[in-house]
J.: 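What follows is a single structure, and I will ask about it in a moment.
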Number of protein chains: 2
Amino acid sequence: MSTTPDLLFRTLADPTRRAIFERLCREGEQTVGALTVRSGVSQPAVSKHLGALKQAGLVRDRHEGRQTHYSAQPGALNPLIDWTSQMAGFWQNRLDALDDLLKRMDQ
Amino acid sequence: MSTTPDLLFRTLADPTRRAIFERLCREGEQTVGALTVRSGVSQPAVSKHLGALKQAGLVRDRHEGRQTHYSAQPGALNPLIDWTSQMAGFWQNRLDALDDLLKRMDQ
DNA sequence: CATACCCATAACCCTACGGTTATGAATAAA
DNA sequence: TTTATTCATAACCGTAGGGTTATGGGTATG
């Protein structure tokens with residue numbers, strides 16, 4: 001039983017937020033300041049996006065002195081993977097059923 | 001090169017719309033009227049969602065008399081699958097690099 | 001022809017939410 | 001201790017978009 005992918009889809013729907021998550025996946029742990037550079041938005045905006053990503057379980061934070069390091073938590077993508085393969089599975093099942101039907105009609 | 005999953009994420013982010021797509025995947029082709037029943041929203045709302053799904057390539061429509069039949073187009077999920085495995089891949093690469101580093105330090 | 005049905009579109013409303021600036025708490029540096 | 005830095009939160013604004021009702025075009029039915 002996979003948990004609902006609802007929050008995951010909503011969280012990843014925003015391009016800016018998804019870009020931040022992609023950077024964390026590609027480049028590993030980053031501070032808020034580092035993520036703000038070339039994000040195209042202000043530091044508070046980045047903080048809010050990181051908050052949303054954290055609530056969705058997509059990132060972890062680690063405090064060190066006055067800076068906060070964020071890192072991706074890729075296991076959180078599993079419900080998404082489950083959902084897509086489930087959808088593909090339903091499709092395949094109906095294809096198999098159609099195949100069966102055609103075979104029986106063929107006899 | 002996978003096409004951008006942006007439109008896909010945005011389209012699937014809405015629960016009502018995603019529920020319609022799920023029904024089409026599970027139960028196969030449906031008319032707008034059939035989809036409206038138990039969708040929890042009005043017929044125009046369903047039509048708008050189907051329009052969005054169609055624009056994202058997630059469904060196809062087929063006109064027959066005065067009714068329109070919609071069916072899921074699961075191949076359209078491929079960019080999503082590509083994106084998730086790419087993210088998982090970046091993660092794995094960085095893990096491998098760390099592993100290498102630890103091995104070299106161990107010598 | 002008149003009527004009923006199915007769907008799409010238009011016009012509108014309202015909320016969610018992504019952006020901003022302002023500010024403060026916590027920590028490092030002078 | 002004073003000053004500077006880093007981040008999070010608050011308060012606010014504007015817009016995108018999902019909901020509704022109203023309506024019309026196209027097709028089947030009486």
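In what follows, chains carry the letters A, B, and so on, assigned in the order in which the sequence lines appear, proteins first and then strands, with residues in each chain numbered from 1. Predicted, not measured: the structure shown is a model, and the values here were computed from it. Atom set for the values below is all heavy atoms of this structure, side chains included, hydrogens, waters and symmetry mates excluded.
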J.: Hey, which sits more toward the 5' end of DNA chain C by its nearest nucleotide, B/Ser47 or A/Ala52?
T.: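 With A/Ala52 and B/Ser47 compared, the 5'-side residue is B/Ser47.
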J.: Using atom NZ of B/Lys54 as one end and atom C1' of C/dT9 as the other, report the distance to the nearest whole Å.
T.: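 The distance from NZ of B/Lys54 to C1' of C/dT9 comes to 14 Å, rounded to the nearest Å.
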J.: Under 4.0 angstrom, heavy atoms only, what part of the nucleic acid is A/Thr68 near: base, sugar-phosphate, or nothing?
T.: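 Touches sugar-phosphate only.
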J.: Find the distance B/Ile20:CD1 to D/dG18:P and express it as a whole number of Å.
T.: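 Distance, rounded to whole Å: 11 Å.
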J.: Roughly how far, to the nearest 0.5 Å, is CG of B/Asp82 from OG1 of B/Thr4?
T.: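 If I round to the nearest 0.5 Å, the distance is 11.5 Å.
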J.: How close or far is atom C1' of C/dA16 from atom CD of A/Gln55, stated in whole angstroms?
T.: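 One finds 14 Å between C1' of C/dA16 and CD of A/Gln55, rounded.
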J.: Flag yes if more than 12 heavy atoms outside B/Arg26 fall under 6.0 Å of its CZ atom; otherwise flag no.
T.: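 Check passes, neighbour count above 12.
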J.: Want to settle it: does B/Asp61 or A/Val41 sit nearer the 5' end of DNA chain C, counting the closest nucleotide to each?
T.: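 The residue closer to the strand's 5' end, by nearest nucleotide, is B/Asp61.
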J.: Could you check how far CZ of A/Arg10 sits from P of C/dA16, rounded to whole Å?
T.: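 Atom CZ in A/Arg10 sits about 11 Å away from atom P in C/dA16.
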J.: With a 4.0 Å cutoff (strictly under), does any side-chain N or O of B/Tyr70 reach OP1 or OP2 of C/dC6?
T.: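 So the side-chain polar atoms of B/Tyr70 never come under 4.0 Å of the phosphate oxygens OP1 or OP2 of C/dC6.
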J.: Between B/Ala34 and B/Arg23, which heavy-atom pair has the shortest distance, and what is it?
T.: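 The pair with the smallest heavy-atom distance is O-NH2, 3.3 Å.
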J.: Taking CG from B/Asp6 and P from C/dG18, how many angstroms apart are they, rounded to a whole number?
T.: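 Answer to the nearest Å: 13 Å.
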J.: Only one of A/Leu80, A/Leu8, A/Asp14, A/Thr11 passes side-chain contact (heavy atoms from CB on, under 4.5 Å) with B/Phe9; say which it is.
T.: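 Among A/Leu80, A/Leu8, A/Asp14, A/Thr11, the one meeting side-chain contact (heavy atoms from CB on, under 4.5 Å) with B/Phe9 is A/Leu80.
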J.: So which of residues 21-36 of chain A are in contact with DNA chain D, with a heavy-atom cut-off of under 4.0 Å?
T.: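 Those residues whose heavy atoms fall under 4.0 Å from DNA chain D, taken from residues 21-36 of chain A in numerical order, are A/Thr31, A/Val32, A/Gly33.
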J.: Calculate the interatomic distance between A/Arg62 atom CZ and D/dA8 atom C1'; express it in whole Å.
T.: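 Nearest whole value for this atom pair: 18 Å.
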J.: Is the base of D/dG17 touched by the side chain of B/Lys48 through a donor-acceptor pair closer than 3.5 angstrom?
T.: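 Checked by distance alone, the answer is no.
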J.: Please name the pair of heavy atoms, one in B/Ile20 and one in B/His49, separated by the smallest distance, quoted to 0.1 Å.
T.: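 Minimum heavy-atom contact is CD1-CB, 3.9 Å.
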J.: Taking all atoms of both residues into account, what is the closest heavy-atom pair of A/Val32 and A/Ser47, and its distance?
T.: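 For A/Val32 and A/Ser47, the tightest heavy-atom pair comes out as CG1-OG, 4.0 Å.
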J.: For B/Arg94 and A/Leu24, which heavy atoms make the closest approach, and how far apart are they?
T.: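 So the minimum-distance heavy-atom pair works out to NH1-O, 3.7 Å.
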J.: Rounding to an integer number of Å, can you tell me how far A/His49 NE2 sits from C/dA16 C1'?
T.: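 After rounding, the reported distance stands at 14 Å.
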J.: Might you point out which heavy atoms bring A/Ala13 and B/Arg10 nearest each other, and give the distance in Å?
T.: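 Heavy-atom minimum between the residues: O-CG, 3.8 Å.
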J.: Taking all atoms of both residues into account, what is the closest heavy-atom pair of A/Gln73 and A/Gly57, and its distance?
T.: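 In terms of heavy atoms, the two residues are closest at CB-O, 3.5 Å.
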J.: Round to the nearest Å and state the distance from A/Asp14 atom CG to C/dA16 atom P.
T.: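 Rounding to the nearest Å, CG of A/Asp14 and P of C/dA16 are 17 Å apart.
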J.: Restricting both atoms to N or O, compile the protein contacts to nucleotides 22-30 of chain D shorter than 3.5 Å, with distance only.
T.:
from   : atom 1 : to      : atom 2 : distance (Å)
D/dT27 : O2     : B/Arg66 : NH1    : 3.4

J.: Tell me which nucleotide among D/dA8, C/dC7, C/dT20 gets nearest to the side chain of A/Ser42.
T.: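 In terms of side-chain proximity for A/Ser42, the closest of D/dA8, C/dC7, C/dT20 is C/dT20.
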